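Both backbone and side-chain heavy atoms feed into the values below; hydrogens, waters and symmetry mates do not. Computed from a prediction, not measured in an experiment: that's the story for all the values here.
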Amino acid sequence: MKFTMTDEGFSTDTAFGTLDISSKDEAGFRPYQLLVSSVAVCSGGVLRKVLEKKRMNVDDITITADVTRNADEANRVEKIHLHFKVKGEGLTKEKLQKSLDVTFANCSMAQSVKDSIVLSESCEIV
């Protein structure tokens, strides 16, 4: 990836268009938002595959991310809690939790940050 400086931050061209990144909300995605999005969406994608391999029908997955940052240390991300709401047939809380355990062990983004950011999850069937 190549990032080019702009008046308000940096940008990169992707197959889906230009991605603007800035510390200012009005000028692009903030870096921490991209970090959290990477962990959340990677986990959601892996969860979807795990459930499909277990032949569990999933109609929808919604992920809510709660982020804890430390203002005293460069506003670093210290904790990410992901709450998964899964809609489908034949799901049980136990099967879903076991699938989440497999998910986090196989999500490349979660594995990339696990030693520096505390990751936690919860789930519910809707």
Side-chain angles (χ1 to χ4, degrees):
M1 296 178 79
K2 179 181 176 182
F3 297 89
T4 305
M5 189 171 75
T6 65
D7 289 341
E8 301 291 339
F10 287 84
S11 69
T12 186
D13 291 320
T14 72
F16 300 102
T18 300
L19 176 63
D20 293 313
I21 307 162
S22 176
S23 60
K24 299 177 182 178
D25 283 329
E26 65 277 2
F29 292 99
R30 297 187 60 201
Y32 91 91
Q33 292 171 323
L34 296 172
L35 173 69
V36 174
S37 297
S38 295
V39 175
V41 174
C42 179
S43 298
V46 174
L47 177 60
R48 181 184 209 170
K49 288 179 185 175
V50 169
L51 293 172
E52 287 172 354
K53 284 185 179 182
K54 291 183 175 186
R55 300 189 198 298
M56 300 165 105
N57 294 329
V58 176
D59 298 321
D60 191 29
I61 299 174
T62 303
I63 308 163
T64 303
D66 291 317
V67 182
T68 302
R69 299 178 74 187
N70 185 337
D72 295 332
E73 292 190 28
N75 221 11
R76 66 177 251 134
V77 174
E78 292 193 337
K79 297 178 184 176
I80 300 172
H81 177 80
L82 300 177
H83 182 72
F84 296 84
K85 290 184 179 180
V86 182
K87 182 179 180 182
E89 294 183 31
L91 298 172
T92 66
K93 182 83 170 180
E94 295 76 26
K95 288 179 182 179
L96 187 54
Q97 188 58 56
K98 285 181 183 180
S99 296
L100 277 173
D101 294 341
V102 172
T103 293
F104 279 92
N106 290 284
C107 170
S108 62
M109 295 297 100
Q111 290 300 306
S112 295
V113 301
K114 71 176 184 177
D115 294 327
S116 57
I117 297 174
V118 176
L119 300 177
S120 61
E121 84 283 330
S122 57
C123 61
E124 67 181 279
I125 299 168
V126 293

Report summary line: Taken to the nearest 0.5 Å, the spacing of M109 CE from L119 CG works out to 12.0 Å
Report summary line: Residues joined to V102 in its hydrophobic cluster, side chain to side chain under 4.5 Å directly or through other members, sorted by chain and number, are V46, V50
Query raised in the report: How would you list, by chain and number, every residue that makes a side chain to side chain donor-acceptor pair (under 3.5 Å) with S43, sequence neighbours excluded?
Result: none
Query raised in the report: What residue pairs, at least two apart or across chains, pass salt bridge (Lys or Arg N to Asp or Glu O under 4.0 Å) with a residue in residues 36-51?
Result: R48-E52
Query - Under the side chain to side chain donor-acceptor pair (under 3.5 Å) test, residues paired with D66 that sit two or more places apart - result: none
Report task. Using the side-chain hydrogen bond (donor to acceptor under 3.5 Å, both in side chains) rule, collect all pairs that involve residues 32-41, keeping only residues at least two apart or in two chains. Result -> none
Report task. Considering only Ile, Leu, Val, Met, Phe, Trp and Tyr, and joining two whenever side-chain heavy atoms are under 4.5 Å apart, list the other residues clustered with F3. Result -> M1, M5, F10, L19, I21, F29, L34
Report summary line: Residue pairs passing the salt bridge (Lys or Arg N to Asp or Glu O under 4.0 Å) test with at least one member in residues 101-111, sequence neighbours excluded, are none
Requested in this report: Working to the nearest 0.5 Å, report the span between NZ of K114 and SG of C107.
Outcome: 11.5 Å
**Report entry** Trace of the side-chain contact (heavy atoms from CB on, under 4.5 Å) decision for L35 with V113
**Finding:** CA-CA 9 Å; L35 173 69; V113 301; 4.1 Å; yes
Report task. State which residues pass side chain to side chain donor-acceptor pair (under 3.5 Å) with K54; sequence neighbours excluded, sorted by chain then number. Result -> S99
For a quick test of your reading: what N or O donor-acceptor pairs under 3.5 Å do the side chains of residues 69-91 make, sequence neighbours left out?
from : atom 1 : to   : atom 2 : distance (Å)
R69  : NE     : N75  : O      : 3.0
R69  : NH2    : N75  : O      : 3.1
N70  : OD1    : D72  : N      : 2.8
N70  : OD1    : E73  : N      : 3.4
N70  : ND2    : E78  : OE2    : 2.8
R76  : NH2    : S116 : O      : 3.0
H81  : ND1    : S120 : OG     : 2.7
H81  : NE2    : S122 : OG     : 2.9
H83  : ND1    : S122 : OG     : 2.5
H83  : NE2    : E124 : OE2    : 2.6

Query - Shared hydrophobic cluster for V41 and L100 (ILVMFWY, side-chain gaps under 4.5 Å) - result: no
Report summary line: salt bridge (Lys or Arg N to Asp or Glu O under 4.0 Å) pairs touching residues 15-35, sequence neighbours excluded, are E8-K24, D25-R30
Report task. Measure across S22 and G28 and return the closest heavy-atom pair with its distance rounded to 0.1 Å. Result -> CB-N, 4.2 Å
Query raised in the report: Do K93 and L96 have side chains that get closer than 4.5 Å, going by heavy atoms?
Result: no
